[in-house]
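Below is one structure, written out as structure tokens; the observations come after it.
The basis for the numbers below is simple: all heavy atoms, side chains too, and nothing from hydrogens, waters or symmetry mates. By convention in this document, chain letters (A, B, ...) are assigned in the order of the sequence lines, proteins followed by strands, and residues within each chain are numbered from 1.
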Protein chains: 2
Amino acid sequence: MSPGVAGGTGGAELSASGQTYLKTVYGLGEWDTEAVTTGALAAKLGVSPASATAMVRKLVERGLLDHPPYGAVSLTSTGRARALGVVRRHRLLETFLVRELGYGWDQVHEEAARLEHTVSDLFVERLDRLLGHPAADPHGDPIPDAAGHLRLPAAVRLDRAPAGPAVVVRVSDANAETLRACSAAGLLPGATLDAGAHPLTAAQSAAVWVEPQETLR
Amino acid sequence: MSPGVAGGTGGAELSASGQTYLKTVYGLGEWDTEAVTTGALAAKLGVSPASATAMVRKLVERGLLDHPPYGAVSLTSTGRARALGVVRRHRLLETFLVRELGYGWDQVHEEAARLEHTVSDLFVERLDRLLGHPAADPHGDPIPDAAGHLRLPAAVRLDRAPAGPAVVVRVSDANAETLRACSAAGLLPGATLDAGAHPLTAAQSAAVWVEPQETLR
DNA sequence: CAGGAGTTTTAGGCATGGCTAAATATGGCA
DNA sequence: TGCCATATTTAGCCATGCCTAAAACTCCTG
Ligand SMILES: [Mn+2]
Ligand SMILES: [Mn+2]
Ligand SMILES: [Mn+2]
Ligand SMILES: [Mn+2]
């Protein structure tokens with residue numbers, strides 16, 4: 001019996017685990033800029049450092065990652081394309097779950113993380129059409145188009161933002177508790193923060209990305 | 001990293017393969033009544049007889065199947081409940097793919113067979129609501145309710161049906177080619193066959209189940 | 001009612017993707 | 001500049017779910 005993984009676009013079959021590693025390498029560098037090490041991957045994925053090293057080696061052999069020994073992991077251009085395909089699936093699925101199935105934005109991440117490896121290309125393109133080609137997911141993360149293009153808003157983390165008015169651009173969906181705190185505080189993408197005041201903890205405010213607004217003069 | 005399988009209702013986790021075996025044991029006995037042997041399972045699933053024997057043994061140990069040595073495989077009551085849960089997921093997913101995503105009825109089976117192991121209980125119940133609690137999938141197969149109840153229409157295979165008018169009740173979705181031949185011939189569930197005439201091959205007509213109509217006198 | 005064809009189970013492997021424990025490399029600090 | 005804490009890789013295992021080949025069983029046929 002074949003494993004329950006849909007092929008995705010281009011290249012040879014890639015396991016669900018392989019897809020998750022690529023997506024995670026991309027995700028760790030999307031908003032923040034810190035070196036992606038095998039240790040960081042292991043921590044994010046909840047596997048041992050040894051397991052991350054082993055999988056990274058396989059993905060290097062397949063030409064999807066670069067990895068100087070003891071150095072930082074990075075995507076090759078084909079690896080980046082594959083990663084963006086997984087990201088596209090993930091974010092379209094999250095959008096579907098919220099808009100069509102009535103999920104809360106704090107309920108979608110895990111479901112999408114499973115489905116992203118299972119739906120076919122046809123499914124994804126039909127979903128995209130049904131949803132009207134959305135530009136961002138419920139958390140404000142941009143959805144790559146079918147060709148893998150996306151533009152990332154210039155934004156700063158709320159805990160490092162200058163005082164003054166700002167617009168919420170994105171909230172990380174990594175922690176459901178944080179998402180609930182944000183919606184309770186009205187901090188949804190598009191919301192305006194008047195003076196930078198909010199009731200979030202320091203850790204929670206590190207999950208919120210805002211675009212500071214020039215003050216009118 | 002955990003395997004991409006959603007738990008489903010009740011009992012300990014069951015792998016996607018395990019779920020497929022249970023579903024297949026159920027399916028082989030749903031419309032036809034032939035003994036389900038490890039060999040029949042192997043043939044249906046495209047695995048070796050040895051593999052089927054091994055998996056059946058595991059499912060017997062978990063209390064989901066009965067299997068006298070060299071005898072027929074059958075579902076225990078808890079095995080049947082688990083199987084019906086998988087069948088419910090499969091058929092609701094097929095209905096969704098046709099009704100909401102515009103798939104053809106010959107395109108849905110494989111996609112649903114992957115997704116049925118990945119969607120959560122919440123997803124399934126939301127889908128059921130979205131679709132208005134459908135009673136049958138696009139092929140006429142009944143959809144068990146959340147409690148695992150379903151009623152099977154009394155029907156006979158078209159190649160064994162008496163001459164005379166009949167209503168198409170169900171077409172097996174096992175073969176996409178057959179489904180295309182049936183829709184080309186207008187043999188969709190609910191269609192009326194006037195005198196039993198149709199352009200199907202013998203093998204194809206064995207996939208169609210009809211309810212003979214009493215003639216008016 | 002014995003033989004044998006066909007079916008089923010057992011035995012022994014393999015690939016994948018995890019794990020722990022041990023070895024090795026790095027890089028900051030004394 | 002050398003040492004050591006920390007990070008990373010290597011080595012050796014394990015579980016799952018497949019495989020092929022061989023052994024064992026069933027049951028039809030002559
Ligand atoms: Mn997400
Ligand atoms: Mn998201
Ligand atoms: Mn089907
Ligand atoms: Mn069906």
Are [X] and [Y] close enough that a side-chain donor and a side-chain acceptor fall under 3.5 Å?
X: B:Trp105; Y: B:Asp137; answer: no
X: B:His117; Y: A:Thr118; answer: no
X: A:Ser48; Y: A:Ser51; answer: yes

May I ask you to say what [X] touches in the nucleic acid, namely base, sugar-phosphate or nothing, with a heavy-atom cut-off under 4.0 Å?
X: B:Ser17; answer: sugar-phosphate
X: B:Ser51; answer: base
X: B:Thr53; answer: base
X: A:Gly46; answer: sugar-phosphate
X: B:Ala50; answer: base

| A:Ala16 or A:Pro69: which one's nearest nucleotide on DNA chain C is closer to the 5' end? | A:Ala16
Without decimals, in angstroms, what is the distance between [X] [atom1] and [N] [atom2]?
X: B:Leu45; N: D:dC19; atom1: CG; atom2: P; value: 10 Å
X: B:Leu41; N: C:dT8; atom1: CG; atom2: C1'; value: 13 Å
X: B:Glu13; N: D:dG17; atom1: CD; atom2: P; value: 12 Å
X: B:Leu59; N: D:dT16; atom1: CG; atom2: C1'; value: 13 Å
X: B:Met55; N: C:dT9; atom1: CE; atom2: C1'; value: 16 Å
X: A:Met1; N: D:dC18; atom1: CE; atom2: C1'; value: 9 Å
X: B:Leu22; N: D:dG17; atom1: CG; atom2: C1'; value: 15 Å
X: B:Glu34; N: C:dT7; atom1: CD; atom2: P; value: 14 Å

Is the shortest side-chain N/O distance from [X] to OP1 or OP2 of [N] below 4.0 Å?
X: B:His67; N: C:dT8; value: no
X: A:Tyr70; N: D:dT10; value: no
X: B:Thr38; N: C:dT9; value: yes
X: B:Ser15; N: D:dG17; value: yes
X: B:Lys58; N: D:dG17; value: yes

From the set [options], return the single nucleotide nearest to any side-chain atom of [X].
X: A:Arg57; options: D:dC18, C:dT9, D:dT10; value: D:dT10
X: B:Val47; options: D:dT9, D:dT26, D:dC18; value: D:dC18
X: A:Thr37; options: D:dT8, D:dC18, C:dC19; value: D:dT8

| remark: Taken to the nearest 0.5 Å, the spacing of B:Thr24 OG1 from B:Met55 CE works out to 11.0 Å
| Would the B:His139 and B:His109 ring centres measure less than 6.0 Å apart? | no
| note | Of A:Gly39 and B:Pro49, the one whose nearest nucleotide on DNA chain D sits closer to the 5' end is A:Gly39
| Within the side chain of A:Tyr26, is there an N or O that forms a donor-acceptor pair under 3.5 Å with the backbone of A:Ala81? | no
